[in-house]
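Notes follow the structure.
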Amino acid sequence: MGETWEEHVFPWLGVLSALLLAVALLFTLLTLVLRWRHHRADRVWRELEARWERQLLEVLAGAGDAAALLGRVRPGEALRFLAYLSRYARRVTGEETRILRALARPHLPRLEAVYRRGAAEERARAVQTLGLLGMPDYAPLLRRALDDPSPLVSIIAARALSGLHEPGDVSRVIERLHRYALWHPAFLAGLLTDAGKGGEAVLRDALADDGRPSGERAVVAQALRNLRDPRAADAAAAVLARAGDTDLTVACLRLLAEVGEGRHRPAVLPLLDDPRFQVRAAAVAALGVVGGERDVSDARAALDDPSSWVGLEAARALRALDGDTVLPEIAREPGRRGVLARQVLAE
């Protein structure tokens with residue numbers, strides 16, 4: 001009789017099972033090795049911290065010897081020591097920051113070398129650490145890092161440079177906002193806010209620049225609002241006469257709601273009837289700041305806007321324009337107007 005198919009298949013099934021078992025054993029061994037390396041690295045890190053901790057705290061308190069602490073940093077431990085100092089640098093200010101930067105200074109050239117040769121993640125960590133421990137000496141390197149191929153490295157450099165409050169750095173960051181399109185506009189506005197203390201004129205010029213993308217100008221307007229720059233109100237009012245982009249229009253109206261004056265009222269009034277509810281809401285909110293008693297009727301009419309958001313801002317504008325006269329009366333009405341008025345009175 002000939003061989004059956006079982007006689008052909010079963011031997012190969014045995015071979016396949018052996019191979020699968022070998023692969024499973026290999027992965028188990030690899031997992032154990034990686035776990036051992038992780039625990040070993042963790043143990044080494046704890047030993048290093050224990051060796052440096054007491055002396056660092058004494059140095060920060062003014063009772064320790066900085067040279068003795070630096071002497072405990074062995075060859076090859078420079079990058080770990082800088083990472084260790086960075087943890088403290090994020091939590092201290094003033095004299096303690098100066099001490100940490102002095103301790104880091106002898107080892108910072110190692111980070112510069114990492115930045116020149118490392119992968120994107122390594123360059124990002126190097127730039128972040130240099131921003132914490134190497135400023136202002138390493139500001140030129142961070143300015144070059146704004147043009148790093150990695151947007152992540154670039155924005156970390158921008159964040160570090162914001163602490164210098166240099167108008168030139170504000171300009172550099174604004175010119176590279178297009179690189180940060182994936183970050184939230186509020187985050188970018190906060191970045192410019194930190195950098196803009198002293199650089200408000202640069203931000204005002206960027207807001208007024210019609211050749212710049214509307215999204216970037218909206219971010220700039222939000223930063224000026226955060227900074228409460230009164231001189232930005234004129235630029236915002238001028239932009240409203242030309243802007244068509246929703247985000248830019250809303251950002252300028254919110255800026256006027258923060259720092260606007262009566263002379264900016266004509267720029268706001270036409271937008272009370274804008275077809276976009278976001279614009280109408282921001283416009284009536286701004287009217288509560290730049291308007292007066294003659295605008296009570298417009299604010300009152302906005303209570304009936306189809307958008308509840310616009311109605312809520314209208315109730316707030318009424319309170320700002322007319323104090324406690326009209327709104328308490330409306331609060332006694334039934335229906336939506338009364339609900340909005342009662343909500344604002346309870347704020």
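From a predicted model like this one, the values you see are computed outputs, not experimental measurements. Sequential numbering from 1 along the given sequence is applied to the chain's residues.
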Presence of salt bridge, R217 and D210, under 4.0 angstrom: yes
Nearest heavy-atom neighbours spanning A299 and V284: CA-CG2, 4.4 Å
Worked check of side chain to side chain contact (heavy atoms under 4.5 Å, CB included) between F187 and I155: CA-CA 11 Å; F187 171 80; I155 202 167; 3.5 Å; yes
Lys/Arg-Asp/Glu bridge criterion (N-O < 4.0 Å) met for R280, D305: yes
Sidechain-backbone polar pair: R123 side chain, V153 backbone, donor-acceptor under 3.5 Å: no
Ion pair R204/D234, N-O distance below 4.0 Å: no
Stepwise salt bridge (Lys or Arg N to Asp or Glu O under 4.0 Å) test for D137 and R101: CA-CA 10 Å; D137 297 344; R101 288 177 175 174; over 6 Å; no
Carboxylate-amine/guanidinium contact D304 R336, below 4.0 Å: no
R143 (side chain) donor-acceptor with D169 (main chain) under 3.5 angstrom: no
Euclidean distance, L191 CG relative to L177 CG, rounded to 0.5 Å: 8.0 Å
Student check: side-chain heavy atoms of D322 and T325 closer than 4.5 Å: yes
Carboxylate-amine/guanidinium contact R172 E166, below 4.0 Å: no
Contact summary for V268 and L287, nearest pair of heavy atoms: CG1-N, 4.1 Å
Residue pair N226 / T193, side-chain donor-acceptor N/O under 3.5 Å: yes
Check ion pair R212-E175 (N to O, under 4.0 angstrom): yes
Least distance between heavy atoms, S86 atom then T129 atom: OG-CG2, 3.3 Å
More than 12 heavy atoms of other groups within 6.0 Å of E293 CD: no
Whether H264 side chain and E261 backbone form a donor-acceptor pair below 3.5 Å: yes
Under 3.5 Å donor-acceptor, R179 side chain and L146 backbone: yes
Atom pair CZ (R225) and CG (L203), whose distance is rounded to the nearest 0.5 Å: 15.0 Å
Pair Y84, E53: side-chain N/O donor-acceptor within cut-off below 3.5 Å: yes
Contact check, side chains of V127 and S154, non-hydrogen atoms, under 4.5 Å: no
Short side-chain to backbone donor-acceptor contact, R254 and A285, under 3.5 Å: no
Lys/Arg N to Asp/Glu carboxylate O, E77 vs R51, below 4.0 Å: yes
Between Q55 and R72, a side-chain donor and acceptor under 3.5 Å: yes
Result of checking L253, V279, L255 against L240 for side chain to side chain contact (heavy atoms under 4.5 Å, CB included): L253
Presence of salt bridge, R125 and E121, under 4.0 angstrom: no
Interatomic spacing from CD in E313 to OG in S307 - rounded to 0.5 Å: 9.5 Å
L271 vs D274 side-chain heavy atoms within contact, under 4.5 Å: yes
Close side-chain approach of V219 to I174, heavy-atom, < 4.5 Å: no
Minimal non-hydrogen separation, L192 against V220, with atom names: CD1-CG2, 4.1 Å
Working for side chain to side chain contact (heavy atoms under 4.5 Å, CB included), residues R300 and I330: CA-CA 9 Å; R300 188 163 188 162; I330 298 174; 3.9 Å; yes
Under-4.0 Å salt bridge between E95 and R98: yes
Under 3.5 Å donor-acceptor, D295 side chain and D298 backbone: no
Side-chain donor or acceptor of R110 paired with backbone N/O of A78 under 3.5 Å: no
Under 3.5 Å: donor-acceptor pair, side chain of H165, backbone of D194: yes
Atom pair CG/CD1 of L60 and I99 - distance to nearest 0.5 Å: 5.5 Å
Distance, nearest 0.5 Å, that separates CG of L152 from CG of L182: 11.0 Å
Cation over ring face, R91 and Y88, 6.0 Å, 45°: yes
Heavy-atom neighbours of R242 CZ exceed 12 at 6.0 Å: yes
Smallest separation among heavy atoms of A315 and L340, with atom names: CB-O, 4.0 Å
Nearest-0.5 Å distance, CG of residue D245 to OG of residue S214: 4.0 Å
Test item: R316 and L312 side chains (from C-beta on) under 4.5 Å apart, heavy atoms: yes
A126 versus V114, closest heavy-atom pair with distance: CB-CG1, 4.2 Å
Enclosure of R231 CZ (heavy-atom neighbours >12, cutoff 6.0 Å): no
